[in-house]
*Asks:* 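Please read through the structure below; I'll follow up with questions.
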Amino acid sequence: TGNEPPAPETEAAPGASGESTAGGGANDEVGETVTIGFSGPAAGHGWIGAITQGAQNEADRYEDVEFRLSEGTDDVNAQIAQIQQFINDGVDAIVVLPFDGAALTAVATEAMEAGIPVVNVDREFSSPFAARTTVLGDNYGMGVSAGQYICEQLEGQSDAVVAEIAGIDSLPLTQDRSAGFAEALGDCGLEVSNRVAADFTVAGGESVTAGLLQAAPQIDAIWNHDDDQGVGVLAAIENAGRSEFFMVGGAGSANMMREIQSGDSVVQATVVYPSTQAADGVRLARLLAQQKGMSDLVQFEVPREIQLFAPVVTQDNVEQYLPTAFES
Amino acid sequence: MNGIVKVFPGVRALDGVDLHVLPGEVHCLLGQNGAGKSTLIKTLAGAHQPTEGEIRWKGEVVKLTSTAAALKMGIATIFQELDVVDGLSVAENIFLGNELATGGVLKRSEANRRAKELLARLGHSEIRPGRLVGSLSAAGKQVVQMARALSHDAQLIIMDEPSAVLDQEEVNQLFRVVNTLRDAGVAIVYISHRLEEIRQIGDRITVLKDGRTVATSLAVADTPTAKLISLMTGRDVVTNFGGDAVGPQSETPVLEVDGLALAGTFEPVTFSVRPGEVVGLAGLVGAGRSEIIETLYGARRATAGTVKVNGKALRRGSVIDAVNKGIGLAPEERKSQGLLLDQPIYRNITLSTFARFAKLGVLDERAERAAAKEQATALQLAPPDVERNIRTLSGGNQQKAMLARWLVHGCDVLLLDEPTRGVDVGARAEIYALIRELTRRGTAVVLVSSEIEEVLGLADRVMVVADGRVVHTGPATEIDEHKVLDLVMEGAHA
Amino acid sequence: MSSSSGTTTATGADQVSVDANQGEATPARKAKLGGGLGLGQMIGLVVALVALIIVGTVTAGDRFLSVPNFLVILEQAAVIGVISIGVTFVITSGGIDLSVGSVMGLATIWATTWATQNLAGEFHWIVMVLTALAVGGAAGLINGLLVAYGRVVSFIATLAMLVAARGLAEIISGRQTQVITDRGFLDFFRGDILGIPMIVWMFAVVAVIGWFLFNRTTFGRRTIAVGGNPEAARLAGINVKRHTMWVFTLAGLCVGIAATMILARTTAGSSSTGSLYELDAIAAVVIGGTLLVGGRGTIVGTVLGVLVFQILTNVFTQNNLDSSVQAVAKGAIIVAAVLLQQRFATVKRR
Amino acid sequence: MSSSSGTTTATGADQVSVDANQGEATPARKAKLGGGLGLGQMIGLVVALVALIIVGTVTAGDRFLSVPNFLVILEQAAVIGVISIGVTFVITSGGIDLSVGSVMGLATIWATTWATQNLAGEFHWIVMVLTALAVGGAAGLINGLLVAYGRVVSFIATLAMLVAARGLAEIISGRQTQVITDRGFLDFFRGDILGIPMIVWMFAVVAVIGWFLFNRTTFGRRTIAVGGNPEAARLAGINVKRHTMWVFTLAGLCVGIAATMILARTTAGSSSTGSLYELDAIAAVVIGGTLLVGGRGTIVGTVLGVLVFQILTNVFTQNNLDSSVQAVAKGAIIVAAVLLQQRFATVKRR
Ligand SMILES: Nc1ncnc2c1ncn2[C@@H]1O[C@H](COP(=O)(O)OP(=O)(O)OP(=O)(O)O)[C@@H](O)[C@H]1O
Ligand SMILES: Nc1ncnc2c1ncn2[C@@H]1O[C@H](COP(=O)(O)OP(=O)(O)OP(=O)(O)O)[C@@H](O)[C@H]1O
Ligand SMILES: [Mg+2]
Ligand SMILES: [Mg+2]
C-alpha cells in the first residue's frame with residue numbers, strides 16, 4: 001500500500017516486509033537522536049505482526065531513532081502500564097496501536113500532558129486531546145468498500161445470498177466493519193443472510209466456514225473480514241468443493257492477492273487495510289519529536305489526523321499492490 | 001535386620017532396631033503407638049530407605065531400593081493404611097503392579113478367576129472380583145490388601161495390623177490362612193495390638209519401644225502377657241475395662257432413637273440411651289453398625305424414624321443440628337472421615353470447636369493450643385507437640401487425636417465407631433478409663449466395636465447387629481461372646 | 001473456552017461426585033463413586049446427544065439432519081477429539097496439561113517450515129508428519145520429565161510450556177502463516193476412504209486405540225492407580241515417576257497427530273493455531289465424566305463430550321445465532337443439563 | 001496466561017509436595033507437606049523478587065529502579081492482585097473459579113451503561129461502584145449455589161459462568177466500549193493519597209483484609225478445613241455447603257472491586273476486559289504456594305506471586321525484548337526457578 005494517497009504516503013512508505021523504497025526529502029536527514037516508544041496488541045496474528053515489524057523496520061531506517069518496542073498485549077491493563085513506563089522514562093514520542101482505543105485514552109492524555117507527543121494508530125482514542133496525531137485505519141470504510149464491491153458484482157440480484165465471516169466479534173473494529181458492510185449492502189437492497197465470527201486465526205476461519213457452508217447450501221457472495229483467517233476459510237471452501245460464489249477478503253495479505261492474481265480462485269477481491277500504519281506512525285512520531293514538519297505539505301505542522309484509504313484490490317490492480325502487501 | 005535407623009525430619013523414628021525372622025515362623029512385632037513398627041516394616045518392604053543399618057536376606061546384605069525390589073525378592077507386605085485404588089476393580093487392585101498380562105494387554109478373565117480363588121481362600125467369596133473397591137467397606141478393602149499380598153508367592157509376608165478392621169470371624173479365617181502359609185515354610189511378620197491374637201498365632205516376638213528393640217525373639221509360649229505389656233509400655237497396665245460400668249445416672253433418656261431406618265442399608269432401630277449409660281453395638285464387619293450411628297448423627301439421611309436429644313428432635317440429615325444439640329461422632333475411617341492430614345494436630349483437635357474459642361469470628365489460637373495441649377497430655381499423645389502435622393503421627397496416635405476433638409467439644413452423647421482400632425494396650429486402657437470418666441460425668445455413649453469382649457466389657461447394654469437388623473438387645477451382663485457370635489450367625493443366615 | 005455444552009447432562013451423575021469431593025460427601029455419592037462411570041453416565045451423554053439432534057432437526061430441518069452435515073461435525077470434532085483423548089490420560093493420572101494448544105501450534109509451524117517442506121519434497125511428505133509427531137512427543141516428554149522428575153506441579157510446568165511453545169512458534173515462523181505446498185500430503189489427508197474423510201478415520205482409530213489402551217492394558221490401569229492413589233501405586237511396586245512421564249508423552253503424541261490433522265484441514269501452519277484448545281479439551285474431558293482430581297476416567301465419555309460440543313456449535317450456526325447469544329445460551333445449557341442430570345441421577349438412585 | 005514467572009522459585013518446595021501428589025509420595029515430601037507454607041517458602045518468593053530486581057537494575061539501571069516505575073508495577077499488579085486474593089480462597093476451599101475474568105468484564109459493562117451512569121449522575125458515582133460489586137457478588141453467589149447446592153463441579157459451573165457472562169456483557173454493550181463520563185468517579189479513583197495511587201491503596205487494603213480473614217478468622221479456618229477434607233469438616237459440624245457458597249461469593253466481590261479498579265485505569269467499560277485473567281490469577285495463586293488440590297493456601301504468597309509476575313514483565317519491557325523471545329524466556333524462567341528451588345529446598349532439608 002506504499003503509494004497511497006494521502007500525501008505522507010507518497011513518501012513511499014516501506015512495505016511491511018521492511019525493504020524501504022527510500023524516502024527522499026530533507027526529513028530523512030539525520031537529526032537529534034530521539035527515543036520513540038511503541039505499544040501494540042499481541043502480535044500473534046499476521047496483520048498485527050506486519051504492523052509491529054513495519055514499525056520496527058521503519059525505526060531501524062533512522063540512526064537518529066532509538067526504538068522501544070514493548071511486549072504486544074491484548075490486556076489493556078498491561079498496555080496502560082507500558083505507556084506509563086514510557087512516560088516515566090521520558091521518551092520523546094509514543095506510538096500506540098491500542099487494543100481498545102477508549103481504554104487507553106486516559107493514559108495517552110497523561111502522556112500528552114507530560115509533553116510527550118502521542119501518535120495514535122488504527123483504533124481511535126475517545127478524546128481528541130489524547131493524541132497529537134492519529135493515523136486512522138478505516139474499519140467502517142472497509143466494510144463499505146466490501147459491500148459496494150459485492151453490490152456491483154451482484155447487480156440486480158435482489159434475492160442474492162450474502163454471507164459474512166467476521167473476525168473477533170467482541171472487538172469494536174469488527175462491529176465497525178460489519179456496520180459499514182450492512183450499510184453498503186442496504187443501499188443496493190441486499191442484506192447479510194448468514195454471519196459467523198472467527199478469531200483471526202487460520203484454524204478458527206476454517207472451522208466456522210465449514211459450519212457456515214453447511215448452514216447455507218447456496219451462496220452468492222462472501223465477505224471475509226480478515227485475510228489471516230482467510231487461509232483457513234479457503235481451505236474449508238475447497239474441502240466442501242464449493243465454488244458457486246465469489247469471495248472478498250479483508251486486510252490485503254500477499255497470499256490473498258496471489259489468489260486474486262491467479263484468477264481461478266473464488267477470491268475475486270480483497271479490501272486493503274494498510275499494515276503500514278504503524279510505520280507511518282513511527283515516521284510521524286520522529287518528525288514530531290524533532291519538531292520537523294511534513295515536507296510535502298505546504299502547511300508546516302504535522303496534521304492532526306490522517307485517515308488511510310481502504311482500496312479494493314481486484315485482478316485489474318493487483319500487480320500494483322502485491323509488492324507491498326504483507327505476508328499473512 | 002540389624003541396627004536399623006530411620007530419621008524423619010524432626011523425628012528419630014527408628015534408633016537401632018534389630019529383627020531376625022526365620023522361615024516358617026510367625027514373628028510378632030509389638031510396640032506402642034509410635035514405637036516404629038510400621039516404619040520398620042516399611043523399611044523392610046523397601047518403601048523407606050534406612051538412614052543406617054543393614055538388611056540381610058538369606059544371609060547376604062541387600063539394598064531394597066523400592067517396594068518393587070522387595071517384591072521381586074519375595075517380600076510381600078500388607079500396609080497399615082488401606083492403600084487401595086478406589087477407581088479400580090477388586091481384581092485389578094489385587095494384581096496392581098504385577099498385572100497378569102501379555103505384552104501389556106491384560107488377561108482379564110484369568111485375573112478374575114485367580115482373584116476369585118484368593119478371595120475364597122480368605123473366606124470372602126461374596127466379594128465379586130469385578131466390584132469397584134471404592135464401594136467396599138474398610139473391612140472389604142483390608143481383605144483386598146490381604147489377597148494382594150497372597151497373590152505374590154512370597155517367602156516373607158508382612159502384616160501391619162491386618163486385624164484392626166476385622167472382626168473375630170474374619171481374624172480366625174485369616175489365622176487359618178496364616179497357618180497354612182507357615183506350614184508351607186513362609187515366614188510371616190505379624191503386627192497387632194491385640195495380645196490375645198499374638199498368643200493364638202505367634203511363634204516369637206520382638207518388642208519395640210520408642211524406636212528401639214527392648215526385646216528380640218522371645219518365645220511366645222514362655223512370655224507372660226504382663227511381661228510383654230511392661231516391656232512395651234515400661235509400666236504395668238491393668239487390662240480390665242477401666243473398672244465396672246458406672247451405669248445410668250438418671251432414668252430420663254438423653255438420646256432417643258425411634259424407628260430410625262436407612263432403606264437398603266439397615267432396618268428400623270429403636271433404642272434410647274440414658275446419661276452415663278454405654279450402649280454397645282456388636283456385630284460383624286459390614287453389618288451396618290457404622291451406618292446406624294452415622295445416620296443417627298445425620299451424616300446419612302434417614303429414610304424413616306426420629307432421633308431426639310434431651311427431648312428435642314433432630315433435623316433429618318443435618319449434622320450441624322446434631323452437633324449443636326450435643327452429639328459427637330468419632331468416625332470409623334479416621335483418615336478419610338476425620339482428619340485434616342496436612343494441618344497441625346491442634347487444629348485437628350479443635351476442628352469442631354474453633355468457632356467457640358473465637359470472638360466475633362476472630363480466632364483465638366492460643367486458647368485452642370492450650371485446650372489441645374491439655375487433652376494431648378491427658379491422652380499421652382506421642383509426640384505431644386500439638387504444632388506437628390497430624391500426618392506424621394502414628395495410626396494409634398491419630399485415633400487419640402480424634403477422641404481429643406470431642407473431649408474438647410464436650411457433648412451429652414458421644415458416638416464412638418471403633419474407638420480402639422489400631423490403638424496399643426496402654427492407650428487402650430487410657431481410652432477405656434476415659435470412657436468411664438465421661439460416663440461418670442453423665443455423658444451417654446454409643447459404642448461400635450468389632451471386638452466383642454470390648455463391647456461386653458464397656459457397655460451397660462448391648463445391641464447385636466447382623467445384616468442391618470438388630471437381632472438382640474439386652475444388658476451386657478446377660479450375654480457372652482459365644483452367644484453374640486451365635487446371634488450374629490443366625491442373623492446373618494436368617 | 002468458548003466451547004462448552006449440553007454434554008454435561010451426560011455426566012451430572014459424575015459431576016456430583018467430583019464436586020462432592022470439594023463440596024460435601026454424602027453416602028449417596030460414595031455409592032455412586034463406587035458405581036463408577038457406568039451405564040448411567042453414558043446414557044446421560046447419549047440422551048444429551050439425542051436431545052441436541054432433535055433440536056437441530058426441528059430448527060434446521062434436513063439441512064442439519066444430513067450425512068454431509070454430520071461429516072462436517074465429525075471433521076470439526078476430530079482435531080479437538082484426538083487432543084482430548086490424550087488429555088484424558090493426563091487428567092486421569094492426576095495431572096493437567098495446559099500446553100496442548102500451543103504445542104499443536106508449534107508442531108504445525110515446525111512441520112511446515114521451508115526446511116521441512118523441502119525435505120518432504122525430496123523424500124516424502126511423511127517427513128512432515130514425523131516432524132509434527134516429534135515436536136508433540138518431545139514437548140510432552142519435557143512436560144513429563146519436569147512433572148515426574150523435576151517435581152514441578154503439572155499446572156505450572158505445562159503453563160510454562162504453553163507460553164514457551166507459543167513464543168518459539170512465533171520466532172520460527174516470523175509470525176507468518178506457512179502454506180503447505182506438498183500436494184501429496186494434502187491429497188492424502190484431505191482425501192477420504194469410503195466417503196468418510198481421512199481425518200475422521202484418524203479420529204476413529206485414535207479413539208479405539210485410546211479406549212483399548214485405557215481399559216484393556218497395564219498402562220491404562222496403572223494410569224488410574226497413579227491418579228487415584230499414588231502412594232498405593234508406589235507401594236504396589238509401580239514406578240510412578242516413569243509412568244507419569246509416559247502419560248504426558250502420550251498426550252504430546254496425540255497433539256502431534258492433531259497437528260497433522262489441523263494442517264490437513266487448514267492447509268497451512270500458523271503459530272496462532274490451537275490457542276485456547278487446552279480449555280476446550282479439558283472441558284470436554286471433564287464434561288465427559290473424567291474426574292478432574294484424577295483416579296477415574298472414560299474415553300467413551302470424552303468422545304461423547306467432544307461430539308456434543310460440536311453438535312451444539314453446529315446447531316447454533318445452522319440457526320445463524322448471534323455469537324453473544326450463543327455464549328449465553330451455552331452457559332445456560334451447560335448448567336441446565338448438569339442440574340437436570342442431578343435430578344435424573346437422584347431419582348434413579350431411589 | 002502470557003504472564004508467568006520466576007516466582008516459582010518461591011514455591012519450589014511447595015510445588016514439590018503438590019506435585020508429589022500426582023507423582024511419587026516420599027516421606028521427605030510428606031514431611032515437607034507437613035512443614036506447611038513456612039518461612040522457607042516466603043524466603044523463596046522474596047529471593048525471586050530480589051533476583052528480578054537485581055536483574056532489572058543491572059539491565060535497565062535507574063530507569064527500572066525508580067519510585068515511579070515501582071508505582072507503575074504496583075498499579076498494574078493491583079487489579080489482578082485483588083482478583084487473585086479472592087481466587088486464593090476458592091482454590092484453598094478445593095474449588096476453582098474460571099469465571100473471574102469475564103465476570104469482571106461484565107461488571108465493567110454494567111457499571112458503565114447509559115442507565116447506570118445516568119443514575120450516578122443524578123445521585124453519586126458510588127452507584128457505579130455498587131453496581132460493579134453487585135454484579136461480581138451476584139455472579140459469585142450463583143457460582144457458589146451451583147457448586148454447593150447444585151453439586152455442579154466448580155470447573156464446569158464457573159466455565160459456564162465464564163461463557164455466559166462474556167456473552168451477556170457483549171449483548172448489553174452491543175460490543176461497544178462504554179466511556180465513563182462521571183468526573184467524580186475518575187477523580188476519586190484515579191487520584192492518589194500521599195503520592196500513592198488510589199488503586200494501589202485499594203490493593204493494599206484488600207490484601208490486608210484478605211490476609212486477616214484467611215489467617216485469623218473462623219471463615220479462613222473453615223475454608224482450609226473444607227478444602228482439606230470436606231467429609232471430616234462435615235462430620236465435625238461445619239456447614240460445608242453454605243461455606244462453599246460464601247467462598248465463591250467472596251471471590252465474586254473481589255472481582256467487583258477489581259472491576260472498579262480497572263474502570264478507573266481504563267476510564268471505560270468493555271466486554272473484552274479481563275479475558276484470560278482467570279489463568280493469570282490461578283497461576284499467581286499456585287505459584288504463590290497455594291495447593292491446587294485445596295486444603296492449604298497463603299495470601300502473602302499470592303501477593304508475592306502477582307508482584308513477581310509484574311516485575312518480570314516490567315523488566316522485559318525495560319529491555320524491550322521481542323514479545324516472542326519474552327514468551328520463551330518466561331517459560332524457561334518459570335521452570336528454571338522451580339527446579340532451582342527444588343535443589344534449594346532439598347539442601348535445606350538435609
Ligand atoms: N512420614 C513421617 N514423617 C515424620 N515422622 C514420621 C513419619 N512417619 C512416621 N513418623 C514418626 O515415626 C514414629 C513411628 O511411627 P510408626 O507409624 O512406625 O509407629 P507404629 O509403631 O506403626 O504406631 P501404630 O501402632 O500406631 O501404627 C512416630 O513417632 C511417627 O510420628
Ligand atoms: N462407601 C460405601 N459404598 C457402598 N457400600 C458401602 C460403603 N461403605 C460401607 N458399605 C456397605 O455398607 C455395609 C456396612 O458397612 P460397614 O463396614 O460400615 O458396616 P459396619 O457394621 O460399620 O462394619 P465395621 O464398622 O466393622 O466396618 C456393608 O455392606 C458395606 O459393604
Ligand atoms: Mg503402624
Ligand atoms: Mg463401620
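Values reported hereafter were calculated over all heavy atoms of this structure, with side chains retained and with hydrogens, waters and symmetry mates removed.
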*Asks:* If you compare all heavy atoms of Val335(C) against all heavy atoms of Ala160(D), which two are closest, and at what distance to 0.1 Å?
*Replies:* CG2-CB, 3.7 Å
*Asks:* Working to the nearest 0.5 angstrom, can you tell me the gap between Lys330(D) NZ and Leu159(C) CG?
*Replies:* 10.0 Å
*Asks:* Can you list everything that forms a salt bridge (Lys or Arg N to Asp or Glu O under 4.0 Å) with Arg222(D)? Sequence neighbours excluded, please.
*Replies:* none
*Asks:* Starting at CZ of Phe155(D), measure out to CD1 of Ile287(C) and round the result to the nearest 0.5 Å.
*Replies:* 8.5 Å
*Asks:* List the steps and the verdict of side chain to side chain contact (heavy atoms under 4.5 Å, CB included) for Val293(D) and Val293(C).
*Replies:* CA-CA 8 Å; Val293(D) 292; Val293(C) 293; over 6 Å; no
*Asks:* Restricting to non-hydrogen atoms, name the atom on Val286(D) and the atom on Val153(C) that form the minimum distance, rounded to 0.1 Å.
*Replies:* CG1-CG1, 4.3 Å
*Asks:* Do you know which of Ala329(C), Gly331(C), Gly167(C) has the most heavy-atom pairs under 4.5 Å to chain D?
*Replies:* Gly167(C)
*Asks:* Filter on side chain to side chain donor-acceptor pair (under 3.5 Å), then keep only pairs touching residues 159-170 of chain D, sequence neighbours left out; what's left?
*Replies:* Ser324(C)-Glu170(D), Glu170(D)-Arg175(D)
*Asks:* What's the shortest heavy-atom distance between Leu168(D) and Val328(C), and which atoms?
*Replies:* N-CG2, 3.4 Å
